[in-house]
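Below: one structure, written as structure tokens.
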Protein chains: 2
Amino acid sequence: MPLSEHTESVQDYLKTIFDIQREHGRVATTALAERLGNSPASVTGMIKKLAALNLVEYEPYQGVVLTPAGEKIALEVIRHHRLIERYLAEALGVPWDQVHAEAEKWEHVLSEDLEDRIDAVLGYPTTDPHGAPIPKRDGTLPPPHTTRLSDLQTGQSATIAEVSDHDPAMLRYFAELGLRPGVDVTVVAVAPFGGPLTVRLDDVEHAVGREVAGYVAVCDVTPVG
Amino acid sequence: MPLSEHTESVQDYLKTIFDIQREHGRVATTALAERLGNSPASVTGMIKKLAALNLVEYEPYQGVVLTPAGEKIALEVIRHHRLIERYLAEALGVPWDQVHAEAEKWEHVLSEDLEDRIDAVLGYPTTDPHGAPIPKRDGTLPPPHTTRLSDLQTGQSATIAEVSDHDPAMLRYFAELGLRPGVDVTVVAVAPFGGPLTVRLDDVEHAVGREVAGYVAVCDVTPVG
DNA sequence: GTAATGATTTAGGCATTCCTAAAACCAGTC
DNA sequence: GACTGGTTTTAGGAATGCCTAAATCATTAC
Ligand SMILES: [Mn+2]
Ligand SMILES: [Mn+2]
Ligand SMILES: [Mn+2]
Ligand SMILES: [Mn+2]
């Protein structure tokens with residue numbers, strides 16, 4: 001059964017459940033409600049529907065987990081979303097803080113045929129403009145990055161792997177700093193008491209808050225000096 | 001008020017009313033129902049809603065006409081639709097018998113910003129792949145072509161202006177014949193009793209049914225020999 | 001162990017958009 | 001001027017997806 005057999009709402013629920021499940025395992029009603037901007041009561045209603053469709057396993061009061069069928073659809077929606085983001089940025093020059101909103105709508109109406117054409121035109125990309133991996137056609141997805149910029153210690157270097165794409169203002173801030181996937185970063189100093197990090201990007205130093213640094217995933221980290 | 005203030009349904013109703021109104025003036029409930037694939041009863045219900053929104057003028061039992069506000073929205077939706085068709089064909093190589101279905105869905109979720117980017121990338125095109133004019137940003141739209149291929153007499157030549165885009169199978173047939181907007185056509189013979197026309201396209205002669213020829217609009221017609 | 005607290009579900013509604021069946025209307029015919 | 005066939009509207013209902021308020025559950029604090 002193709003994506004289009006399910007409503008936009010169902011698609012967004014499954015996608016969001018997948019996201020939360022990656023980070024926190026079993027997905028609680030409230031967490032899902034918060035992420036979707038719906039009331040917990042509404043989420044309970046939809047969850048029951050998803051369970052009836054065998055897209056999630058639901059234990060009342062215990063949250064949900066995706067079934068294989070549900071995960072397959074979630075990955076298809078995420079593939080649409082990230083391919084579209086990449087296409088908008090690359091082919092149409094849409095700024096990276098705007099691609100998310102556009103993809104959020106387009107992802108639900110993209111045909112499989114057009115998905116393939118976009119994939120081919122882009123040369124089969126593996127990540128979206130924010131560094132998030134694009135699921136392959138068969139539903140394969142590499143494991144998420146575990147290290148965040150805020151985890152690094154003074155003197156460590158790393159490569160920016162992925163930045164959170166949900167807050168356009170934060171993305172504009174990252175762009176100003178030159179903080180993009182693929183760019184090398186060095187931690188020059190870490191202020192105590194949860195204070196800011198001083199990082200070097202492109203030979204320029206910037207102070208960034210600890211919380212913001214938690215929204216940046218890194219890879220290829222050098223050992224502690 | 002931007003497009004997005006109205007539901008997909010409302011957008012499709014207005015677009016369809018505009019189309020029918022161009023051909024037949026005042027739009028009857030049944031005509032609208034048929035075009036949309038809804039029951040007449042449903043159409044009556046929606047019509048009342050559109051009237052309450054001041055998007056159509058509604059006279060019970062007498063059908064509807066778009067108000068200026070309704071026409072403005074219709075033209076915006078049609079602009080989206082045709083720009084998208086053109087973009088899909090030109091930038092992504094989607095065959096011309098498939099662009100309509102894809103555009104039908106995408107048209108409702110296209111932002112004004114992306115609309116502008118697509119317009120610019122294409123070099124501000126004036127027609128879609130089927131020859132239909134693309135409304136300008138300000139809502140300007142040239143008058144429809146009045147002469148159809150089936151109106152021509154033996155010996156007359158003309159240029160293909162526009163073909164109907166609602167039947168993918170017919171579009172594939174046109175493509176086979178080389179019958180595309182911009183191509184010159186000459187009527188070699190017209191069979192009597194509503195029979196077929198023999199036309200020359202690209203120096204090749206084809207017999208086409210009278211009805212099918214009615215789905216082809218032409219311009220630059222030569223005087224009768 | 002009980003009591004408070006926060007999370008979750010249930011109950012009852014609302015808006016949207018569609019449907020079928022039945023009633024009402026309109027126009028052209030006799 | 002009544003009949004009649006087709007058109008249109010009204011009546012009543014279903015599915016989807018959301019809401020608030022109230023009840024219930026589970027857990028943590030004492
Ligand atoms: Mn979405
Ligand atoms: Mn992204
Ligand atoms: Mn549409
Ligand atoms: Mn077209």
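Chain letters run A, B, ... following the sequence lines, proteins first and then strands; every chain starts at 1.
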By the 4.0 Å heavy-atom rule, please label [X] as base, sugar-phosphate, or nothing.
{"X": "A28(A)", "answer": "sugar-phosphate"}
{"X": "S39(B)", "answer": "base"}
{"X": "S42(A)", "answer": "base"}
{"X": "G63(A)", "answer": "nothing"}

In whole angstrom, give the distance that lies between atom [atom1] of [X] and atom [atom2] of [N].
{"X": "E5(A)", "N": "dT16(D)", "atom1": "CD", "atom2": "P", "value": "14 Å"}
{"X": "E59(A)", "N": "dC25(D)", "atom1": "CD", "atom2": "P", "value": "15 Å"}
{"X": "Q62(A)", "N": "dA7(C)", "atom1": "CD", "atom2": "C1'", "value": "11 Å"}
{"X": "H6(A)", "N": "dG17(D)", "atom1": "NE2", "atom2": "C1'", "value": "16 Å"}
{"X": "Y58(B)", "N": "dT10(D)", "atom1": "OH", "atom2": "C1'", "value": "10 Å"}
{"X": "H108(B)", "N": "dT17(C)", "atom1": "NE2", "atom2": "P", "value": "12 Å"}

Residue closer to the 5' end of DNA chain D, N38(A) versus Y61(A) (nearest nucleotide):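 Nearer the 5' end of the strand: N38(A).
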
Charged N-O contact under 4.0 Å between [X] and [Y]:
{"X": "E23(A)", "Y": "R35(A)", "result": "yes"}
{"X": "R86(A)", "Y": "D128(A)", "result": "no"}
{"X": "D116(A)", "Y": "R137(A)", "result": "yes"}

Residue from R79(A), K15(A), R82(A) passing salt bridge (Lys or Arg N to Asp or Glu O under 4.0 Å) with E107(A):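 Among R79(A), K15(A), R82(A), the one meeting salt bridge (Lys or Arg N to Asp or Glu O under 4.0 Å) with E107(A) is K15(A).
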
side-chain N/O [X] vs [N] OP1/OP2, d < 4.0 Å:
{"X": "K48(A)", "N": "dT9(C)", "value": "no"}
{"X": "T44(B)", "N": "dT10(D)", "value": "no"}
{"X": "K49(B)", "N": "dA15(C)", "value": "no"}

Does the ring centre of H100(A) sit less than 6.0 Å away from the ring centre of H81(A)?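 Yes, ring centres under 6.0 Å apart.
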
Partner set under side-chain contact (heavy atoms from CB on, under 4.5 Å) for A213(B), not counting sequence neighbours: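 A213(B) satisfies side-chain contact (heavy atoms from CB on, under 4.5 Å) with L149(B), S150(B), L197(B), V208(B) once adjacent residues are dropped.
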
Applying side-chain contact (heavy atoms from CB on, under 4.5 Å), can you list everything that pairs with A41(B), at least two apart in sequence or on another chain?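 Once residues adjacent in sequence are excluded, the partners of A41(B) under the side-chain contact (heavy atoms from CB on, under 4.5 Å) criterion are S39(B).
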
Looking only at side-chain atoms of T29(A), point me to the closest of dT9(C), dT9(D), dC19(C).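 Shortest atom-to-atom distance from the side chain points to dT9(C).
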
With the threshold set at under 4.0 Å for non-hydrogen atoms, list the residues of residues 7-18 of chain A touching DNA chain D in residue-number order.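 Output list: T7(A), S9(A), Y13(A).
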
